[in-house]
Amino acid sequence: MAVTAVQKPKPEKALVFAWEGLDRRGARVKGESRAANPALVRAELRRQGVNPTKVRKKAQPLFGTKKKITSGDIAVFSRQLATMMAAGVPLVQAFDIVGRGHDNPSMQELVLAVKADVEGGTALADALGKHPRYFDDLFCNLVAAGEQAGVLDVLLDKIATYKEKTESIKGKIKKALFYPAAVIVVAVVVTAVIMLFVIPQFKELFKSFGADLPAFTLLVIAVSDFMREYWWALGLALGASVYAIARLFQSSRKFRELIDRVSLKIPVIGAILHKAAIARFARTLSTMFAAGVPLVEALQSVAGATGNIVYSNAVLLMREEVATGQALQLTMRQRNLFPHMVIQMTAIGEESGALDDMLAKVADFYEEEVDNAVDSLSSLLEPLIMVVIGGLVGSLVIAMYLPIFKLAAVV
């Protein structure tokens, strides 16, 4: 006899509903709730002592666009949740306050979705783990450690501090990389404008001279003619190159490792990236070790938090060696990536049993070093931008005025 398999109904997707109603005192109240259907919203409101008068699905934006959830949003969420937990606000209520008070609708949906899971009896770490795009293993592991030890408010505070520090480092790195990118973009735009619109005017003027033009001028005119005739091909080639590089960077770990390895060797910028990776390594390991996460397990999460594949690979090798019983400072010494001061501070921390404190001091020092290096780079590149653009434009101007100077000398 054949047995027919019974398919379980798929759970309804949670939606956001806007509602209005009257509270126990007859005062008009309104708000938003996340549920699968309006009936569940009405039932939840009655349970809270609100008599719903209107419940409707929240309208979507006209063009269906939503603001993305950034790592900065997660950092702010971590601090808000940590502050409320420290103040004694119940976890579910804290999620409700943070979610409804956020300006980003996407962040509201994320927080309310986590709240719904927690209300259903799911552990906070597991509820956050359902959204790995926003809450990584490090975040979830620290929350799980806090839940198990009964010190969730303390661990949330550590997570918030860690997120704020890492976001600060990211901002400084972006600031350091912005200036070289700005120099390149401005130089390309200025050169293209001169080549496409200015040089052709001089070319028409030179036709009336009836004399041989200098070689430098002829070269510039030839480049201008090529750009005017094949501008579409140059644009396609540039767009295809950018797209190919972006795809390779996303899909190929070897390509990312090559880029990270080369970037560490760039003068000035490479030093900043080295210091930033060390600061992230120290801050992450300090936070996890202070939370009671075993060193070997902590190093697994630290590898993904360094922000550079060269350091990530080194930390994974260190993890394997630490798992066999080697001291952390010895494995760091063998990688040739960590300065002597960092190794010595780690050794002192291991010997004194205060590894988290020593690494926190290392992180503070290198975060300050990154800040100072970025400020120095900004001061260095401001005149460099002027020199590069001035030299480029000046060369083109000289190329166009050489025939005029030559004509004046003959006259």
Side-chain angles (χ1 to χ4, degrees), residues 169-207 213-250 252 255-277 307-308 370-406:
I169 285 288
K170 286 181 182 178
K172 292 168 186 175
I173 293 300
K174 289 179 181 178
K175 183 179 177 182
L177 296 177
F178 172 78
Y179 285 99
V183 174
I184 295 172
V185 171
V186 172
V188 169
V189 170
V190 170
T191 303
V193 169
I194 293 176
M195 285 292 188
L196 295 174
F197 302 104
V198 179
I199 301 300
Q201 302 299 322
F202 277 92
K203 180 184 176 182
E204 294 300 321
L205 175 65
F206 294 154
K207 285 182 179 179
L213 299 177
F216 187 32
T217 304
L218 290 173
L219 174 63
V220 172
I221 291 176
V223 173
S224 174
D225 290 340
F226 179 82
M227 290 182 65
R228 292 188 70 198
E229 186 172 357
Y230 297 103
W231 61 268
W232 54 272
L234 294 173
L236 285 175
L238 179 62
S241 300
V242 171
Y243 177 78
I245 291 173
R247 290 288 297 175
L248 272 174
F249 194 81
Q250 291 177 352
S252 174
F255 183 75
R256 291 200 305 273
E257 184 174 355
L258 174 64
I259 295 296
D260 285 352
R261 195 176 297 279
V262 170
S263 64
L264 291 175
K265 297 179 181 178
I266 299 175
V268 183
I269 294 177
I272 295 176
L273 296 177
H274 269 293
K275 292 173 181 177
N308 187 288
V370 170
D371 199 10
N372 294 334
V374 170
D375 290 339
S376 300
L377 180 65
S378 303
S379 302
L380 174 66
L381 286 178
E382 285 173 1
L384 182 60
I385 292 174
M386 301 297 293
V387 170
V388 170
I389 297 177
L392 183 61
V393 174
S395 299
L396 296 177
V397 169
I398 290 173
M400 293 300 99
Y401 276 91
L402 274 177
I404 299 175
F405 296 151
K406 182 179 179 181

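For the single chain, residues carry numbers from 1 onward in sequence order.
- Taken to the nearest 0.5 Å, the CG atom of L273 stands 7.0 Å off from the CD1 atom of I266.
- Annotation: the span from L396 atom CG to L392 atom CG amounts to 5.5 Å, rounded to 0.5 Å.
- Shown here for I245 and F255, the closest heavy-atom pair between the two residues is O-CE2, 3.8 Å.
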Less than 3.5 Å apart, which donor and acceptor atoms pair up between the side chains of residues 221-232 and the rest of the protein, not counting sequence neighbours?
unit_1, atom_1, unit_2, atom_2, d
S224, OG, M195, O, 2.5
D225, OD1, K203, NZ, 3.2
D225, OD2, K203, NZ, 3.1
W232, NE1, E229, O, 3.4

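- The side-chain hydrogen bond (donor to acceptor under 3.5 Å, both in side chains) test applied to R256 returns no partner, not counting sequence neighbours.
- The distance from atom CG of D371 to atom CD1 of I272, rounded to the nearest 0.5 Å, is 10.5 Å.
- Under the 4.5 Å side-chain criterion, counting only non-hydrogen atoms from C-beta, V370 is in contact with V374.
- With hydrogens and angles ignored, the 3.5 Å screen pairs a side-chain donor or acceptor of T217 with a backbone N or O of A399.
- A distance of 4.0 Å separates CG in D260 from CG in N308, rounded to the nearest 0.5 Å.
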